[in-house]
Novice: 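Okay, handing you the structure first.
The residues of the chain are indexed from 1 along the displayed sequence.
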Amino acid sequence: MIKMNVLVLLTAFHVVAAFTAAGTPSSPAFTDRPRKTAVYSTLEAPIQTKTKAPVFDEVCDTTGVTLTRFMNEVAMLNPELKELTTLFGAIDTACKAISNLVKRSQLPSSETLGYQGEVNVQGEDQKKLDVITNDLLKRALRFTGRLGVLASEEEDTPVDLIGKDFQAEREIIIEDSGKYVAVFDPLDGSSNVDAGIPTGTIIGVYEHDENCALDPECIDDDCTEQEAACLANTLQPGTNLIAAAYCLYSSSTFLALTLGNGVYIFTLDEAIGEFVLSKPRVRIPETSSIYSFNEANFEMWDKPMRETVQKWRAGTGASGKQFSSRYIGSMVGDVHRTLLYGGVFGYPGDSKNPNGKLRLLYEGAPMSFIMEQAGGLATTGTERVMEITPRIVHQRVPVIMGSKKDVQEVMDAYANSQTQ
């Protein structure tokens, strides 16, 4: 039953892709109409990244515009991002499919209930939904023809989506024709699905190294070296991100994205089957009175983190406000609330997990990109998350992100502890 659902949904993707292609910026119907729109950059202050921020116009700020229309407008104004339209078409469809699977997962007839019986590379038990959503995203992205390499939480190593051996289990495959590298966590917070708690998908997109080239005549070790060089495409710092997005499966299905020029949140209108823009140019409040941490680990945190949280509890911190604790346990859900209401979300390192538990490449960096584009900060306590270059695909890193002034208070506490 589940395989049939996934097949139908991916078939629908081809229909959507064909429809989108007819209305892309290259079509006469799209380009010949007169335009009288102001072009502008939405960011109040430039964020330090190695990629160029795109320009938007007022269409991109129009509440109710669909994601497809939004991406077409972006592509017309920024021709270098034209191929992202196809990529986000796949992400759009995959998020709709995953949302449907999550909603139906608790029905007695559902084949997504329970565990897969395998453990992923993180040492975590894989739920059936983990495996299904991972496969769904890979297949949806595969058909775009825009990706060279992909890395996922559920894969031991980076994989390609286009090669002839695509379905070979846990095999490294490279296709050097794609323009982008995608990294993702297919179902963040999947352990909460059975309790009906919000879950989400996290996605980051980098540019694919044009120097990645495979010699079809290579054999054995020579091929391995070339593959290793190409797979290094995934080990890029967050400052190289072209785009980042998350989908939240909750009271509604939300898709938040940034292309390096602000954060835009779309809400799925199930009546028409489209993501429509509901919150353009999201800006996180500079300060708040909410923190979101797993306080069961409080005694294991290092001194600067403990002291800062103690001050927030007592109302003796920099803002003078007494903070409240709000913690869901799903990163996407906690970060989404933090973006809208302000505050601080974090999973700091502790004596048991010195490097925290969040993965840098496909959790920490993409969500930090989104947070910074909304006017917030993201740090490990001592360094900017976006500037860390991963050493391995599944590297973990402490993460503290949220309202600028509140996160700065954490950073100051760490800085002061190093000077004492």
Side-chain angles (χ1 to χ4, degrees), residues 1-6 8-9 91-120 122 124-137 140 152-154 184-203 245-256 265-271 273-276 278-279 290-297 324-341 343 345-347 357-359 362-363 366-367 370:
M1 176 64 73
I2 294 305
K3 291 183 178 178
M4 182 180 296
N5 286 343
V6 173
V8 170
L9 287 164
I91 292 170
D92 171 301
T93 303
C95 287
K96 293 172 187 174
I98 295 172
S99 175
N100 185 59
L101 288 172
V102 169
K103 284 191 296 185
R104 296 181 57 83
S105 66
Q106 299 308 299
L107 293 175
S109 60
S110 175
E111 295 181 20
T112 64
L113 285 169
Y115 289 91
Q116 178 73 7
E118 296 181 4
V119 176
N120 66 13
Q122 315 300 321
E124 301 164 340
D125 289 327
Q126 285 184 311
K127 287 205 164 190
K128 290 180 180 179
L129 262 180
D130 287 324
V131 178
I132 293 170
T133 55
N134 185 65
D135 186 58
L136 193 154
L137 262 171
S152 165
E153 180 181 20
E154 304 305 326
F184 63 74
D185 181 351
L187 195 61
D188 172 69
S190 60
S191 61
N192 291 325
V193 169
D194 292 349
I197 294 173
T199 55
T201 299
I202 305 171
I203 301 165
Y246 68 76
C247 294
L248 173 64
Y249 315 116
S250 184
S251 58
S252 295
T253 299
F254 303 95
L255 191 157
I265 296 179
F266 296 78
T267 303
L268 179 60
D269 184 341
E270 296 188 355
E274 291 277 2
F275 280 105
V276 297
S278 53
K279 291 181 172 59
I290 302 172
Y291 66 90
S292 182
F293 293 79
N294 183 353
E295 293 187 85
N297 298 325
S324 299
S325 177
R326 299 285 187 274
Y327 185 66
I328 298 172
S330 295
M331 184 184 190
V332 174
D334 282 311
V335 171
H336 184 75
R337 185 199 58 248
T338 301
L339 271 176
L340 299 181
Y341 300 159
F345 163 79
Y347 209 113
K357 295 195 71 175
L358 299 176
R359 270 66 60 154
Y362 43 83
E363 292 176 327
M367 296 300 263
I370 292 171

Novice: Counting C-beta onward and ignoring hydrogens, is there a side-chain heavy-atom pair between Lys279 and Leu340 closer than 4.5 Å?
Specialist: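 In short, these two side chains touch, coming nearer than 4.5 Å.
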Novice: Can you check whether Val193's main-chain N or O pairs, donor with acceptor, with Thr199's side chain at less than 3.5 Å?
Specialist: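 Not a single qualifying donor-acceptor pair exists.
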Novice: Take a 6.0 Å sphere around OH of Tyr341 and say whether it holds more than 12 heavy atoms from other residues, nucleotides or ligands.
Specialist: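 Check fails, neighbour count at 12 or below.
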Novice: Are any side-chain N or O atoms of Asp194 and backbone N or O atoms of Gln106, one a donor and one an acceptor, separated by less than 3.5 Å?
Specialist: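 Not confirmed, Asp194 side chain does not pair with Gln106 backbone.
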Novice: Leu187 and Tyr249: side-chain contact (heavy atoms from CB on, under 4.5 Å), yes or no, with the steps?
Specialist: CA-CA 10 Å; Leu187 195 61; Tyr249 315 116; 4.0 Å; yes
Novice: Measure the spacing between SG of Cys95 and CG of Leu137 and express it to the nearest 0.5 Å.
Specialist: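 If we round to the nearest 0.5 Å, Cys95:SG and Leu137:CG are 7.0 Å apart.
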Novice: Ignoring hydrogens, what is the shortest heavy-atom contact between Ile98 and Pro186? Give both atom names and the distance.
Specialist: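 So the minimum-distance heavy-atom pair works out to CD1-O, 4.1 Å.
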Novice: Between Asp185 and Tyr246, is a side-chain contact (heavy atoms from CB on, under 4.5 Å) present by the stated rule, with each step listed?
Specialist: CA-CA 9 Å; Asp185 181 351; Tyr246 68 76; over 6 Å; no
Novice: Using a 3.5 Å distance criterion without hydrogens, assess whether the side chain of Lys357 forms a donor-acceptor pair with backbone atoms of Tyr347.
Specialist: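 Checking the backbone N and O of Tyr347 against the side chain of Lys357, no donor-acceptor pair under 3.5 Å is found.
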Novice: First locate atom CD1 of Ile328, then atom CG of Asn192, and finally report the distance between them rounded to the nearest 0.5 Å.
Specialist: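 Spacing of CD1 (Ile328) from CG (Asn192) equals 9.0 Å.
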Novice: Is any side-chain heavy atom of Tyr362 closer than 4.5 Å to a side-chain heavy atom of Ile202?
Specialist: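 Side-chain contact under 4.5 Å: no.
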Novice: Checking the side chain of Arg337 only, and the main-chain atoms of Arg326 only, is there a donor and an acceptor separated by less than 3.5 Å?
Specialist: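 A pair under 3.5 Å: yes.
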Novice: About how many Å separate CG of Asp135 and CG of Asp130, when rounded to the nearest 0.5 Å?
Specialist: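 With rounding to 0.5 Å, CG (Asp130) is 12.5 Å from CG (Asp135).
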Novice: So do the side chains of Phe266 and Glu274 get within less than 4.5 Å of each other, counting heavy atoms only?
Specialist: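 Contact flag for Phe266/Glu274 side chains = no.
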Novice: How about Tyr327 and Glu295: do any of their side-chain heavy atoms sit closer than 4.5 Å?
Specialist: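 No, their side chains stay 4.5 Å or more apart.
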Novice: List the atom of Gly273, the atom of Leu268, and the distance in Å for their closest heavy-atom pair.
Specialist: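 Distance-wise, the nearest heavy atoms are C-CD1, 4.1 Å.
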Novice: Considering non-hydrogen atoms only, spot the tightest contact between Lys103 and Glu270 and give its length.
Specialist: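 Minimum heavy-atom contact is NZ-OE2, 2.7 Å.
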Novice: Rounded at 0.5 Å granularity, tell me how far CD1 in Ile91 sits from SG in Cys247.
Specialist: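 Between atom CD1 of Ile91 and atom SG of Cys247 there are 7.5 Å.
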Novice: Quick check against the 3.5 Å criterion: does Ser99 have a side-chain atom that pairs as donor or acceptor with the backbone of Lys96?
Specialist: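 Pair absent, no side-chain N/O of Ser99 close to backbone of Lys96.
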Novice: Looking only at heavy atoms, which two atoms of Ser292 and Asp334 are closest? And how far apart?
Specialist: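 Nearest heavy atoms, Ser292 then Asp334: OG-OD1, 3.0 Å.
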Novice: For the residue pair Leu339 and Ile370, what are the closest heavy atoms and their distance?
Specialist: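 That closest heavy-atom pairing would be CD1-CG2, 3.9 Å.
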Novice: If we ignore hydrogens and angles and just use 3.5 Å, is the side chain of Asp188 paired with the main-chain N or O of Val332 as donor and acceptor?
Specialist: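 Yes, the answer is positive, given that a donor and an acceptor are paired below the 3.5 Å cut-off.
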Novice: When you compare the side chain of Thr201 with that of Thr133, does any pair of heavy atoms fall below 4.5 Å?
Specialist: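 Of all side-chain heavy-atom pairs linking Thr201 with Thr133, none is under 4.5 Å.
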Novice: Minimum heavy-atom separation for Leu255 to Asp92, with atom names?
Specialist: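 Nearest pair, atom of Leu255 first, then Asp92: CD1-CA, 4.5 Å.
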Novice: To the nearest 0.5 Å, how far apart are CZ in Phe293 and CZ in Phe345?
Specialist: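 Interatomic distance, Phe293 CZ to Phe345 CZ, rounded to 0.5 Å: 8.5 Å.
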Novice: Heavy atoms, side chains only, cut-off 4.5 Å: are Thr338 and Ile290 in contact?
Specialist: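 Thr338 vs Ile290: side chains apart.
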Novice: How long is the straight-line distance from CD1 of Ile132 back to OG of Ser190, given to the nearest 0.5 Å?
Specialist: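 So the OG of Ser190 and the CD1 of Ile132 are separated by 11.5 Å.
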